[in-house]
Structures are given as C-alpha cells and as structure tokens.
Visitor: 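Please see the structure below; I have some questions.
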Amino acid sequence: MVRVRYAPSPTGSPHVGNIRTALFNWVFARHHGGKFIVRIEDTDQNRYVPGSEEDILFSLRWLGIDWDEGPEVGGPHAPYHQSQRLEIYRKVAHELVEQGKAYKCFCTPEELDQMRAEQKRMGAAATMYDRRCRKLTPAEVKAREADGLPYVIRFAMPLEGTVSYEDLIHGHTEFRNALTDDFVMLKSDGFPTYHLANVVDDHLMQITHVIRGDEWISSMPRHLNLYKALGWETPQFAHLPLLLGADKQKLSKRHGAVQFVEFIREGYLPEAMFNFLALCGWNPGDDREILTREEIIREFSLERVSDNPFVFHHEKLLWMNGHYLRELPKERLIELTIPYLQEAGLLPKELTPEQRTYAERVIPLEQEKMKLLSDVVALTDFFFTDQLKIDEKAVRKWYSEPHIPQMLEELIRRFEALEPFNTEQIEQVIRGVAEWLGVKAAEVIHPVRVALSGRTTGPSLFEMIEVLGKRRVLQRLRNAQKWIPR
RNA sequence: GGCCCCAUGGUCUAGCGGUUUAGGACGCCUGGUUCUCAGCCAGGAGGACGGGGGUUCGAAUCCCCCUGGGGUCACCA
C-alpha cells in the first residue's frame, strides 16, 4: 500500500511550489490507490505564523485535494501535528544517546558563532560543527547537567564511509559521511528539528514514498544515517525539481505572486491551477497539455517527472486559465465573478433580483476575453456605472466627423421608438441609420461604442446595446452630443 | 569555497543510438473570420541540442572533462 505525505510547516501562507509538492503527492497516492497524509510540521516555535495552517488546508481543499489522514480528519497515527508528538521524538533522541549514536551538546549559540567565525578566518571551505561535545566524558556530561546547563542532542555522524540511495527521479546518489556534521536532532527547548521529526514520523506513519523538493537532497546523508542508526527501513525518495523565478533563482516573494492564496485571489480557477501545477515538472509524454484531473491521476508516474528546474512563468498559466474560463458554464462564471464586481463597488453586497438578472446578462458577454476572474471588473465596469472612463483620443477621432450630429439625433429618435428593444431590431436600426446617412456601418458602430462605453473595444455592439437597455443607451447617446466640437 | 543537482529556441517540454531537414505548447509576427477587442482557423519567425574530447558504422540521446546555472552548508523547514 502506497502511503505518502505532505508535510508543510506553518511558517507562512503556502508557496506555489509547496502546493505543487502536495499535488504531486496526492496524485501519486490516488494513482496507486494509496493514502495521502497531511502532517503539520510545527516544530519551530519562533517561525510559527498563526493562520498559515488554515491557509494551507484551505488551499488544498480549494484545489480539490483531500487527505485520508491528518488535521481535522484524524487517523490511526494521530496526532498529526508534530508539536503534539514531542514525547515521541524525545524518547527516540535519548535512546540514541544511550546507544552512543547521539550525544548531548552544551555549546551555546555564542560559542557556535565564534567557532564558525574562527573557521571562516582560517579559510575553511565550509563551516561545520567541530564535534567538541562529542568528546565529552560521561563525567563531564554529568557535571554540566548537574549545573543545569541547557543542551541539544546531536546525531553522531559516521566519521567515514559513504551512504547512498536510489532517487526515483535522480537515480543513484551518493554522499561521503565525513562531509556532514553532527546535526542537531533535538533543540534545547525540547522540540525536534526537521531531520529527527520527519524521519521518526515517516517511519511511524509507514510512509512508503517521500516526495519533496530538490532542496532536501542535501539532507539525505543525515536522514539516511538516521534511518540506519534507528535500524529502520528507508522509504523510497523522489526529489522534485525546484520551481524557479524568471531570474532562475529559487521562486520567492520578489518574483511577484508566489503565495498560493494570491493566485486564488487574482481569479485563477482550481482546474487551471491543478492542470498547470501538474505540469510543473511532469508531462504525460505526448503533446497534450490540457488535462483533466482524472487524466492526470490516471497517467501520472514519477518516471515522467523531469529532473531539471522549472522556471515558473505566469504567461502560460494565464493562457491556461483563460482556456478554462472560456469553457466554464455561464452559471458558474457568474457565481465566481460577481464577488469581484462587488469588491470593486460596481455591485452592492446584496443584489436585488433586477441587479442579479442584469449581471447575469452582462458577464457572459465578456467571457471569452477573461484570463482571470478579476478581469471582469475592467471588462464590464461601464455596464454598472455611468462614470465612464472616456477614451479622449477616440472621441477626437470620431466626433469631428460630419455625420455624427445627425447620426446621434437619428439614433436617439429611432431607439426611443424601438420596440422590442432587442439585438436584431437594434442591428437593423444601426445599419438603417448608416444607410440613411450614406456611410459605412462601421462609421456608426465605432462612435456609438465610444458613446456607450467610453472606449473602442468591447462586446458585440448590438448585444451590448440590448443589455445596457434603452434608458442607459439614450442617456449616453445624449451625453455624447456634447462631444461634438462647435 | 566544499558537497550535491541540473544543462534541447525567451519559457515549459517530447526525444531515452538510426523513423529527426529536432516535434508540441506559451509568448511573438502575418493572414483569414468580423462592428472593435478577444476568440477561433491558417501560416510564419525565432535560428535550441552550452563547449571540448571520446565510445560507435551512426549521438541531442552513452562516458569523461570544462563551462554555466541552481540548491545546500542554522538549536529553519
């Protein structure tokens, strides 16, 4: 039985790369009919950010990623918060001390800083704990404990030899033990470090595959030796390519939106995010790029995960979101976009039935143009407000044309009398007026569009007029009469 | 700097020794559709296998070196 886990630490709102890792784990579990476990690695009291766990779980649910064991749902290996499992780690750490595979270290942060500074001054390639406390005699340790000195527990790394494993993505990888220092397993506050807690829980929770980002590869000698010291079987490891910014540096805040909730806020759709994230390092092996969640689950395999870093460019995601937006049923598009109009102040918090019907007619008009749900605001604002942003250049271009004064008058006259006020009738009026004036239809259409929306682009004019309604149309046409230079 | 990872057009990616004059997608350009924009359809440009050695009848595909980029070197994860 495949058992994988997503083990975020609540140190901030989750990053896209982080959610990508969750998605790969989930898809892998679902592909194999295995279990997907969420475990909160809240072992750093200093970096804990309230609310981030909520953001993490919200993001997963928003994407449609459910978990078989974890926070809020529980499971046979509860608790799933590491902060509630402290005794377990403590016990393991002390057992290793008793077996001589780990030791208490009484070095203070100041001493360690000094040691590192010294090493740098000596021109050391890398700073590394010099294992001074590893040499402490039992009596010395006892004395310090009796003095009440705080200590950490460090793992006693083998001084020689190598350790290796077969990465499911990178293949055979080997490390020399001597190059890794005696890392801290248990901090002086009694909390474990990632290395300890992660290994212990992965073992206890019977994780079969550890799928995580490439930045963890360098910790493999620690984890592998820990498993060995504990006499535990190691799970399989798969290290996912890093997500990079446009400058090829690890994706971070300075690359624009990277927090997953920011993407949600901007108006990306879950299906687009799911599809795109799945393609961040994986592909189905053919030319398909638009894939449903079911297809992704069916065809996913770690063998098809690329091992080179993925530069995260928003353009393609935007394109993909536009694609999914165009496929969206109208009802859902309306549901999803109304909140953006409300937030922009174009619609009130509570809609009257009339306002709702009006919005339902407006929004689909611009569906094919949206790349983000939030685009609805800029695309349709002129339907909801009379405070038009006027394209002055377009006004200058059209409103000095000789046919305009007559055109406006005639349109107003005919529209006033028009019944029913629908698209076909409206088109007839527009074309009729053009003919009557002896100008091309476009020479009526364009200036009218400017009069009604303030701009030169927008939905099909005839439909737009119908939706705007006679009252607004007449009012705006009359207003446009003021634009005629005298 | 040590260790580790990576290396196909601007970006993502197919390719796992010959079927490749290296395919697809995003972006870009042109044309068509059309009341504009978008969309859609049809084309196109960019001039990608980082460089050098091998192995082989044959290399983008295997090996080595170099170069470049990245990750990591905390009582953070």
Side-chain angles (χ1 to χ4, degrees), chain A residues 7-11 18 41-44 46-47 105 107-109 112-113 116 120 123-129 150-154 167 169-170 173-176 179-181 183-189 191-195 197-198 212-221 239 241-242 244 246-250 276 279-290 303-304 306-320 322-323 326 366-371 379 394 427 430-431 434 440-446 448-450 453 455-462 464:
Chain A
S9 68
T11 52
N18 204 272
E41 308 220 324
D42 50 351
T43 56
D44 187 342
N46 301 319
R47 291 204 311 153
C105 167
C107 295
T108 63
L112 293 174
D113 284 346
R116 279 189 279 262
K120 277 201 180 119
T127 60
M128 196 168 162
Y129 179 60
Y151 63 85
V152 301
I153 293 182
R154 287 182 184 272
D167 193 291
I169 292 167
H170 296 284
T173 310
E174 199 170 313
F175 306 86
R176 293 212 302 279
L179 268 14
T180 298
D181 63 0
F183 61 94
V184 174
M185 290 167 32
L186 201 69
K187 302 180 241 182
S188 56
D189 63 3
F191 278 68
T193 60
Y194 172 87
H195 308 297
N198 195 263
R212 80 240 282 200
D214 265 353
E215 71 267 31
W216 291 107
I217 293 179
S218 52
S219 296
M220 282 306 290
H239 289 95
L242 252 21
L244 271 28
D247 58 358
K248 309 245 176 142
Q249 307 280 309
K250 205 172 163 183
F276 188 77
L279 260 21
C280 288
W282 174 83
N283 73 77
D286 53 36
D287 291 340
R288 286 134 67 221
E289 293 199 303
I290 299 293
E303 284 162 39
R304 292 216 61 86
S306 154
D307 51 10
N308 46 11
F310 185 96
V311 176
F312 192 95
H313 275 249
H314 286 67
E315 293 80 48
K316 191 152 185 178
L317 171 57
L318 214 46
W319 161 78
M320 193 173 275
H323 169 87
R326 268 171 252 126
E366 293 289 53
Q367 175 165 15
E368 59 188 15
K369 229 172 285 180
M370 293 180 204
K371 285 201 156 63
L379 252 17
E427 175 159 9
I430 299 271
R431 295 199 187 279
K440 283 187 283 191
E443 292 175 85
V444 174
I445 288 168
H446 296 308
V448 170
R449 185 191 305 286
V450 176
S453 67
R455 48 182 98 150
T456 57
T457 66
S460 156
L461 185 72
F462 314 128
M464 182 174 126

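Chain letters run A, B, ... following the sequence lines, proteins first, then strands; residues in each count from 1.
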Visitor: So, for F312(A) and L317(A), which heavy atoms are closest and what is the spacing to 0.1 Å?
Guide: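 Reported closest heavy-atom pair: CZ-CD2, 4.1 Å.
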Visitor: Checking contacts here: which listed nucleotide (rC75(B), rU72(B), rG70(B)) is nearest the side-chain heavy atoms of V184(A)?
Guide: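 Nearest listed nucleotide: rC75(B).
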Visitor: In whole Å, measure the gap between the P atoms of rG52(B) and rU67(B) for me.
Guide: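 Straight-line distance between the two P atoms is 15 Å.
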Visitor: Rounded to whole Å, please give me the gap between CD1 in I430(A) and C1' in rU36(B).
Guide: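 From I430(A) CD1 to rU36(B) C1': 13 Å.
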Visitor: Within this structure, what is the NZ-to-C1' distance between K248(A) and rC12(B), rounded to whole angstrom?
Guide: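 These atoms are roughly 11 Å apart.
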Visitor: Would you say T193(A) places a side-chain N or O within less than 4.0 Å of OP1 or OP2 belonging to rA77(B)?
Guide: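 No, because none of the side-chain N or O atoms of T193(A) sits under 4.0 Å from OP1 or OP2 of rA77(B).
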Visitor: For rU56(B), which nucleotide is its Watson-Crick or G-U wobble mate, given both distances must be under 3.5 Å?
Guide: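 Pairing partner: none.
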Visitor: Parallel, tilted or perpendicular: which one describes the rings of Y194(A) and W216(A), with boundaries at 30° and 60°?
Guide: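 Ring orientation, 0 to 90° scale: parallel.
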Visitor: Mark yes or no for a side-chain to base donor-acceptor pair under 3.5 Å between S460(A) and rC35(B), with no hydrogen or angle criteria applied.
Guide: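 Indeed there is one.
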Visitor: In whole Å, measure the gap between the P atoms of rG50(B) and rU61(B) for me.
Guide: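 Here rG50(B) and rU61(B) have their P atoms 8 Å from each other.
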Visitor: Can you check the distance between rC63(B) and rU56(B), where both ends of the measurement are the C1' atom (answer in whole Å)?
Guide: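 After rounding to an integer number of Å, I get 12 Å for this pair.
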Visitor: Using OP1 and OP2 only, check whether a side-chain N or O of K187(A) sits under 4.0 Å from rA77(B).
Guide: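 Yes, K187(A) has a side-chain N/O under 4.0 Å of OP1/OP2 on rA77(B).
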Visitor: Report the residue (L317(A) or N283(A)) whose heavy-atom-nearest nucleotide on RNA chain B is the more 5′ of the two.
Guide: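 Closer to the 5' end of RNA chain B: N283(A).
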Visitor: Is the ring pair W319(A)/H323(A) parallel, tilted or perpendicular, if the boundaries are 30 and 60 degrees?
Guide: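 Tilted: the ring planes of W319(A) and H323(A) meet at 30° to 60°.
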Visitor: Which part of the nucleic acid, if any, lies within contact of R212(A), taking any heavy atom under 4.0 Å across all strands shown: a base, the sugar-phosphate backbone alone, or nothing?
Guide: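 Touches nothing.
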Visitor: Identify the pairs formed between an N or O of the protein and an N or O of nucleotides 2-5 of chain B at a distance under 3.5 Å, and give each distance.
Guide:
residue : atom : partner : partner atom : Å
rC5(B)  : O3'  : H170(A) : ND1          : 2.9

Visitor: Please classify the nucleic acid contact of T180(A) as base, sugar-phosphate, or nothing, using heavy-atom distances under 4.0 Å.
Guide: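 The answer is nothing, as T180(A) stays clear of every strand by at least 4.0 Å.
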Visitor: Can you tell me, in whole Å, how much space there is between the P of rU55(B) and that of rC49(B)?
Guide: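 Approximately 23 Å lies between the P atom of rU55(B) and that of rC49(B).
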Visitor: Who does rC28(B) pair with, Watson-Crick or G-U, both distances under 3.5 Å?
Guide: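 rG44(B) - that is the nucleotide pairing with rC28(B), both distances being under 3.5 Å.
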Visitor: Do you know which two heavy atoms are closest between G281(A) and F310(A), and how far apart they sit?
Guide: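 Looking at all heavy atoms of both residues, the shortest contact is N-CD1, 3.7 Å.
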Visitor: With respect to the phosphate group of rG15(B), does any side-chain polar atom (N or O) of R304(A) fall under 4.0 Å of OP1 or OP2?
Guide: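 Yes, R304(A) has a side-chain N/O under 4.0 Å of OP1/OP2 on rG15(B).
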Visitor: NA contact type, C107(A), heavy-atom cut-off 4.0 Å: base, sugar-phosphate, or nothing?
Guide: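 If one applies the 4.0 Å heavy-atom cut-off, C107(A) turns out to touch a base.
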Visitor: Name the nucleic acid region contacted by E41(A), choosing base, sugar-phosphate or nothing; use a 4.0 angstrom heavy-atom cut-off, strictly under.
Guide: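 Sugar-phosphate only.
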Visitor: Choosing from rU13(B), rG69(B), rC12(B), which nucleotide comes nearest the side chain of K316(A)?
Guide: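 Of rU13(B), rG69(B), rC12(B), rC12(B) is nearest to the side chain of K316(A).
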Visitor: Is there a side-chain contact between I217(A) and H239(A) in this structure, where contact means two heavy atoms from C-beta onward sitting under 4.5 Å apart?
Guide: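 They are in contact (side-chain heavy atoms under 4.5 Å apart), so the answer is yes.
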Visitor: Once you apply a heavy-atom cut-off of 4.0 Å, does Y194(A) come out as touching a base, just sugar-phosphate, or nothing?
Guide: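 Base contact - Y194(A) has a heavy atom under 4.0 Å of at least one base atom.
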Visitor: For the CZ atom on R326(A), are there more than 12 heavy atoms of other groups (residues, nucleotides or ligands in this structure) within a distance under 6.0 Å?
Guide: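 Result for CZ/R326(A): enclosed.
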Visitor: Does any donor-acceptor pair link the side chain of T11(A) with the base of rC76(B) at a separation under 3.5 Å?
Guide: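 Not at all, since no donor on one side and acceptor on the other fall under 3.5 Å apart.
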Visitor: Look at the side-chain N and O atoms of S9(A) and state whether any lies under 4.0 Å from the OP1 or OP2 oxygen of rC76(B).
Guide: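 Negative; the distance criterion is not met.
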Visitor: Base, sugar-phosphate or nothing for R154(A)? Non-hydrogen atoms, less than 4.0 Å.
Guide: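 Sugar-phosphate: the residue R154(A), judged by heavy atoms under 4.0 Å, touches backbone atoms but no base.
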Visitor: Could you check whether any side-chain N or O of R116(A) sits under 3.5 Å from a backbone N or O of T127(A), counting only pairs where one atom can act as donor and the other as acceptor?
Guide: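 No.
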Visitor: Which one is paired to rU33(B), where only Watson-Crick or G-U wobble pairs with both distances under 3.5 angstrom count?
Guide: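 Its partner is rG39(B).
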Visitor: Whole angstroms only, please: what is the CH2-P distance between W319(A) and rG24(B)?
Guide: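 Interatomic distance, CH2 of W319(A) to P of rG24(B): 15 Å.
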Visitor: Find out whether Y151(A) and S188(A) are in side-chain contact, i.e. whether some heavy atom of one side chain is under 4.5 Å from a heavy atom of the other.
Guide: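 Side-chain contact under 4.5 Å: no.
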Visitor: Under 4.0 Å between a side-chain N or O of K250(A) and OP1 or OP2 of rU72(B)?
Guide: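 K250(A) to rU72(B) OP1/OP2: side-chain N or O found under 4.0 Å.
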Visitor: Does the structure place the NZ or CZ of R154(A) under 6.0 Å from the centre of the six-membered ring of Y129(A), at an angle of no more than 45° from the ring's axis?
Guide: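 Output yes; distance and angle both within limits.
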Visitor: Starting at CH2 of W282(A) and ending at C1' of rC12(B), how long is that distance when rounded to a whole Å?
Guide: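 In whole Å, rC12(B) C1' and W282(A) CH2 are 14 Å from each other.
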Visitor: Can you tell me if K316(A) uses its side chain to pair, donor with acceptor, with the backbone of F276(A) under 3.5 Å?
Guide: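 Checked: no pair found.
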Visitor: NA contact type, P109(A), heavy-atom cut-off 4.0 Å: base, sugar-phosphate, or nothing?
Guide: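 The residue P109(A) makes base contact.
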Visitor: Just checking P192(A): base, sugar-phosphate only, or nothing, at a heavy-atom cut-off of under 4.0 Å?
Guide: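 Result for P192(A) = sugar-phosphate.
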Visitor: Which whole-number value in Å describes the distance from D287(A) CG to rU20(B) P?
Guide: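 After rounding, the gap between these two atoms is 15 Å.
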Visitor: Only pairs with both distances under 3.5 Å count, Watson-Crick or wobble alike; so what is the partner of rG71(B) in this structure?
Guide: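 rG71(B) is paired with rC3(B).
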Visitor: Starting from the 5' end of RNA chain B, give me the residue, T43(A) or T457(A), whose nearest nucleotide shows up first.
Guide: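 By nearest-heavy-atom nucleotide position, the 5'-most residue is T457(A).
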Visitor: Could you tell me whether R116(A) contacts a base, only the sugar-phosphate backbone, or nothing, with contacts defined as non-hydrogen atoms closer than 4.0 Å?
Guide: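 R116(A): backbone/sugar contact only, no base atoms under 4.0 Å.
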Visitor: Which part of the nucleic acid, if any, lies within reach of P459(A) when heavy atoms closer than 4.0 Å are counted: base, sugar-phosphate only, or nothing?
Guide: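 Base: the residue P459(A), judged by heavy atoms under 4.0 Å, touches a nucleobase.
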Visitor: Without decimals, in angstroms, what is the distance between E315(A) CD and rG10(B) C1'?
Guide: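 E315(A) atom CD is separated from rG10(B) atom C1' by 10 Å.
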Visitor: Base, sugar-phosphate alone, or nothing: which one does E289(A) contact when heavy atoms must sit under 4.0 Å apart?
Guide: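 Base contact.
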Visitor: What is the distance, to the nearest angstrom, from the CE atom on M320(A) to the C1' atom on rC12(B)?
Guide: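 Roughly 10 Å, once rounded to whole Å.
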Visitor: Roughly how many Å apart are rC12(B) and rA77(B), using the P atom of each and rounding to a whole number?
Guide: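 Comparing P positions in rA77(B) and rC12(B) gives a spacing of 31 Å.
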Visitor: Can you tell me how far C1' of rC76(B) sits from CG of D44(A), to the nearest Å?
Guide: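 Going from CG in D44(A) over to C1' in rC76(B) covers 5 Å.
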Visitor: Does any N or O in the side chain of R449(A) come within less than 3.5 Å of the main-chain N or O of P459(A), such that one atom is a donor and the other an acceptor?
Guide: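 Such a contact is found between R449(A) side chain and P459(A) backbone.
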Visitor: Would you tell me if any nitrogen or oxygen in the side chain of N308(A) comes within less than 4.0 Å of OP1 or OP2 on rU13(B)?
Guide: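 Answer yes for this pair, as a side-chain N or O of N308(A) is under 4.0 Å from OP1 or OP2.
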Visitor: Applying a 4.0 Å non-hydrogen cut-off, can you work out what V152(A) is touching in the nucleic acid: base, sugar-phosphate, or nothing?
Guide: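 The answer is base, as V152(A) lies within the cut-off (heavy atoms under 4.0 Å) of a base atom.
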Visitor: So, OP1 or OP2 of rC40(B): does either fall under 4.0 Å of a side-chain N or O from R326(A)?
Guide: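 Yes, such a contact exists.
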